[in-house]
Amino acid sequence: MEENEMINSSVEDVAAIKKLLSETYGSLVMAHNAAGYADMYSDDVLWAPPNGPDQKSKEGIKNGIQGSFDKFIFKVDPQPEEVEVQNDLAYAVGTVDGVLTPRAGGDPNTIKFRIFWLLRKEAADWKIFRQIWNN
């Protein structure tokens, strides 16, 4: 592979990752689509939320996020701020700002997370295989 091909590939990969993490991720969360959300992850995932148990499967992620979707209406704005691609691996660091409105009623909760994603290209698609975030 020539240097220009690698640079173009990297630019295209960065754009694809940013779209996945900002547009797709945010849309699936706001649609409360637990199955679609879980499908963004690889089979050998580690999903490490704050104040909750780690999940190591798509099914675990689906069930974990569904529990939150059952409790809250989500409005989120994920923003990958730094993306680095090396061949078929990448990392992204960013933030997620949002508002969670309790379905049972009550005042909305403002959230802001710092988030770290590791991604891997699998069959031409980028999948998240590690996600760690904090309050």
Side-chain angles (χ1 to χ4, degrees):
M1 180 180 291
E2 292 184 23
E3 186 175 341
N4 282 347
E5 289 177 32
M6 194 159 147
I7 290 169
N8 289 339
S9 175
S10 184
V11 168
E12 291 169 6
D13 287 331
V14 168
I17 290 167
K18 285 185 174 182
K19 183 176 180 180
L20 173 71
L21 298 177
S22 60
E23 295 175 26
T24 304
Y25 187 104
S27 294
L28 290 167
V29 169
M30 289 190 291
H32 303 98
N33 183 341
Y37 177 85
D39 194 48
M40 292 189 306
Y41 296 84
S42 67
D43 290 331
D44 62 340
V45 66
L46 171 62
W47 188 74
N51 309 316
D54 290 352
Q55 298 299 327
K56 295 183 178 181
S57 69
K58 288 183 179 186
E59 189 66 23
I61 291 171
K62 182 178 140 197
N63 293 337
I65 198 72
Q66 186 63 58
S68 296
F69 291 163
D70 290 345
K71 293 177 189 170
F72 298 99
I73 298 168
F74 279 70
K75 182 174 181 185
V76 295
D77 182 23
Q79 292 297 316
E81 298 164 351
E82 176 185 347
V83 177
E84 180 74 31
V85 176
Q86 293 293 321
N87 300 316
D88 288 344
L89 295 175
Y91 75 84
V93 178
T95 59
V96 176
D97 294 313
V99 177
L100 306 182
T101 303
R103 291 186 182 275
D107 294 332
N109 303 307
T110 300
I111 60 167
K112 183 172 184 91
F113 294 115
R114 171 64 66 188
I115 192 163
F116 179 75
W117 294 279
L118 286 174
L119 301 101
R120 179 172 48 221
K121 195 176 258 188
E122 298 178 1
D125 291 323
W126 286 98
K127 296 286 187 177
I128 302 165
F129 74 101
R130 301 291 183 265
Q131 177 175 305
I132 301 167
W133 69 105
N134 63 16
N135 297 325

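Model, not experiment: these values are computed from the prediction. Hydrogens, waters and symmetry mates play no part in the numbers below; they use all other heavy atoms, side chains included.
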Working to the nearest 0.5 Å, report the span between [atom1] of [X] and [atom2] of [Y].
{"X": "Ile132", "Y": "Asp54", "atom1": "CD1", "atom2": "CG", "answer": "8.0 Å"}
{"X": "Asp97", "Y": "Gln79", "atom1": "CG", "atom2": "CD", "answer": "8.0 Å"}
{"X": "Gln86", "Y": "Tyr91", "atom1": "CD", "atom2": "OH", "answer": "9.0 Å"}
{"X": "Ser10", "Y": "Ile17", "atom1": "OG", "atom2": "CD1", "answer": "8.5 Å"}
{"X": "Leu20", "Y": "Asp13", "atom1": "CG", "atom2": "CG", "answer": "12.0 Å"}
{"X": "Lys127", "Y": "Asp44", "atom1": "NZ", "atom2": "CG", "answer": "12.0 Å"}

Connected via hydrophobic side-chain network under 4.5 Å: [X] and [Y]:
{"X": "Val99", "Y": "Ile65", "answer": "no"}
{"X": "Leu46", "Y": "Tyr25", "answer": "no"}
{"X": "Ile111", "Y": "Trp117", "answer": "yes"}

Quick check: closest heavy atoms across [X] and [Y], and the distance to 0.1 Å?
{"X": "Leu21", "Y": "Ile128", "result": "CD2-CD1, 3.8 Å"}
{"X": "Leu100", "Y": "Pro102", "result": "O-CD, 3.7 Å"}
{"X": "Met30", "Y": "Val76", "result": "SD-N, 3.4 Å"}
{"X": "Trp126", "Y": "Asp88", "result": "CZ3-O, 3.5 Å"}
{"X": "Phe113", "Y": "Asn134", "result": "CD2-O, 3.0 Å"}
{"X": "Lys18", "Y": "Ser22", "result": "O-OG, 2.6 Å"}

- [ ] Flag the pair Ile73 / His32 as yes when at least one side-chain heavy-atom distance between them is below 4.5 Å, and no otherwise.
- [x]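 In contact.
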Open item on the list: Measuring only between side-chain heavy atoms, which start at C-beta, is Leu118 closer than 4.5 Å to Leu89?
Closed with: no
Open item on the list: I'd like to know if the side chain of Arg103 and the backbone of Phe69 have a donor-acceptor N/O pair within less than 3.5 Å.
Closed with: yes
- [ ] Using the side-chain hydrogen bond (donor to acceptor under 3.5 Å, both in side chains) rule, take Tyr37 and Gln66 through it: C-alpha gap first, then chi angles, then the decisive distance, then the call.
- [x] CA-CA 10 Å; Tyr37 177 85; Gln66 186 63 58; over 6 Å; no
- [ ] Tell me, yes or no, whether the heavy-atom count around Asn135 atom CG, taken from other residues, nucleotides or ligands under 6.0 Å, exceeds 12.
- [x]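 It does: Asn135 CG has more than 12 such atoms within range.
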Open item on the list: Less than 4.0 angstrom from a charged side-chain N to a carboxylate O is my criterion; do Asp39 and Lys58 meet it?
Closed with: yes
Open item on the list: Between Asn109 and Phe72, does the side-chain contact (heavy atoms from CB on, under 4.5 Å) criterion hold? Intermediate values first, please.
Closed with: CA-CA 9 Å; Asn109 303 307; Phe72 298 99; 3.6 Å; yes
Open item on the list: As a quick check of understanding, evaluate ring pair (Phe, Tyr, Trp, His ring centres under 6.0 Å) for Trp133 and Trp47, giving each step before the final call.
Closed with: CA-CA 9 Å; Trp133 69 105; Trp47 188 74; 5.3 Å; yes
Open item on the list: Here's a test for you: under side-chain hydrogen bond (donor to acceptor under 3.5 Å, both in side chains), which of Gln131, Lys62, Arg130, Gln55 qualifies with Tyr41?
Closed with: Gln131
